[in-house]
Amino acid sequence: MIYTDPRLLSAGLVGGTLSRHEGNMRASEAQTPVYEKLSVPAQRILHFHQTHSTRIITIDSPEAAQQFQQLPLQEADAWLFTASGWGAAILTADCVPLFLWAQDGRAFALAHCGWRGVVNKLPLLTAQALRQKVGDTPLQAWLGPHIQSCCFEVQQDVAAQFSPANVLHKDGKLFVDLTGEIRQQLYAAGLKPDTIAAPYYCTCGDKANFFSWRRDHVKENLLSFIYKP
Ligand SMILES: [Zn+2]
């Protein structure tokens, strides 16, 4: 099944995060049947190698998309599109798939936000880059399934990198609320609270539906993608 936000469709976009029932998406062969099922052309979905960086790949035209596809696999952690007929994917297993788009669909973004990316402000940087492309058009955001504060226990050195409001203390342990941290950054980029949807799906706590690195320590990934026909 696919987890998604109906506002994506309203903006003329197709996208979401696939549950583990669709299989381990680490290999591109596993992805193709899923795209076929969703009537998305797999050859028009771009990929990169994720490194927990803050590098954003911007695709402004179909020509730019074609050129990108010819390059060796690039290292980056966020996508920004203003072109139609193309899209992109990321892989996660606890990290946050952050979907951002202009309400009219003229531009859209998808970021792979692990805790390092969040600390280094990838959500803020991606929202700001999107804002630059669309002027005053309202932005919307959806946070796909990721590890929630119920399971994201960290040590003091990691906790210290987050704002105290997003560090929970429970039974002498520390837990980080990535959702809260990302919300703060999106507010700083000018998004209104009611434009951000963040349903409480915990990849680590819900084994029936999600892969989780923290829980299983195996290389199994969920696919998130966004595409504009
Ligand atoms: Zn949990």
Side-chain angles (χ1 to χ4, degrees), residues 1-8 15-26 30 34 50-52 77-78 89-100 109-124 126-127 140-187 191 193-226:
M1 69 173 287
I2 183 166
Y3 292 82
T4 188
D5 183 323
R7 296 174 305 162
L8 277 168
T17 303
L18 303 174
S19 74
R20 69 178 291 164
H21 307 102
E22 306 295 341
N24 178 9
M25 292 290 152
R26 280 183 79 81
V34 171
Q50 301 165 189
T51 62
H52 297 283
D77 286 274
I90 62 167
L91 296 170
T92 62
D94 291 337
C95 294
V96 184
L98 172 62
F99 294 74
L100 280 163
L110 176 59
H112 161 249
C113 304
W115 72 262
R116 288 181 187 82
V118 173
V119 164
N120 291 322
K121 302 277 194 278
L122 181 60
L124 174 67
T126 306
Q140 299 181 324
W142 179 68
L143 281 66
H146 59 276
I147 192 167
Q148 303 281 352
S149 57
C150 45
C151 295
F152 192 30
E153 185 187 354
V154 298
Q155 300 302 311
Q156 179 58 41
D157 60 329
V158 172
Q161 299 177 60
F162 289 87
S163 68
N166 294 316
V167 178
L168 285 62
H169 299 255
K170 206 165 52 185
D171 304 328
K173 298 173 181 170
L174 300 172
F175 296 84
V176 162
D177 178 7
L178 289 173
T179 307
E181 195 79 13
I182 290 174
R183 275 187 177 278
Q184 275 186 1
Q185 291 185 29
L186 296 180
Y187 297 159
L191 276 83
D194 63 358
T195 65
I196 303 168
Y200 200 97
Y201 296 118
C202 182
T203 48
C204 185
D206 183 353
K207 188 167 184 173
N209 288 304
F210 305 115
F211 296 123
S212 166
W213 173 259
R214 167 68 65 117
R215 184 189 62 227
D216 297 332
H217 293 283
V218 289
K219 294 186 171 178
E220 295 172 323
N221 287 115
L222 304 168
L223 181 82
S224 294
F225 75 96
I226 192 165

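Note that the coordinates shown come from a computational prediction; the quantities given were computed from them, not determined experimentally. Numbering of ligands and ligand atoms starts at 1, following listing order.
Neighbouring protein atoms of the Zn ion (ligand 1) (N, O or S, distance under 2.8 Å, waters ignored): Cys150 SG, Cys151 SG, Cys202 SG.
With respect to the salt-bridge test (charged N to carboxylate O, under 4.0 angstrom), the residues Asp5 and Arg7 qualify.
Residues Thr203 and Asp94 bring a donor and an acceptor atom of their side chains to less than 3.5 Å of each other. The closest side-chain donor-acceptor pair between His146 and Thr179 falls under 3.5 angstrom.
For Val119, the side chain to side chain contact (heavy atoms under 4.5 Å, CB included) partners at least two apart in sequence or on another chain are Trp115, Gln161, Phe162.
The environment of Tyr3 atom OH is dense: over 12 non-hydrogen atoms of other residues, nucleotides or ligands sit within 6.0 angstrom.
In this structure, Ala78 and Thr126 approach most closely via the heavy-atom pair CB-OG1, 3.8 Å.
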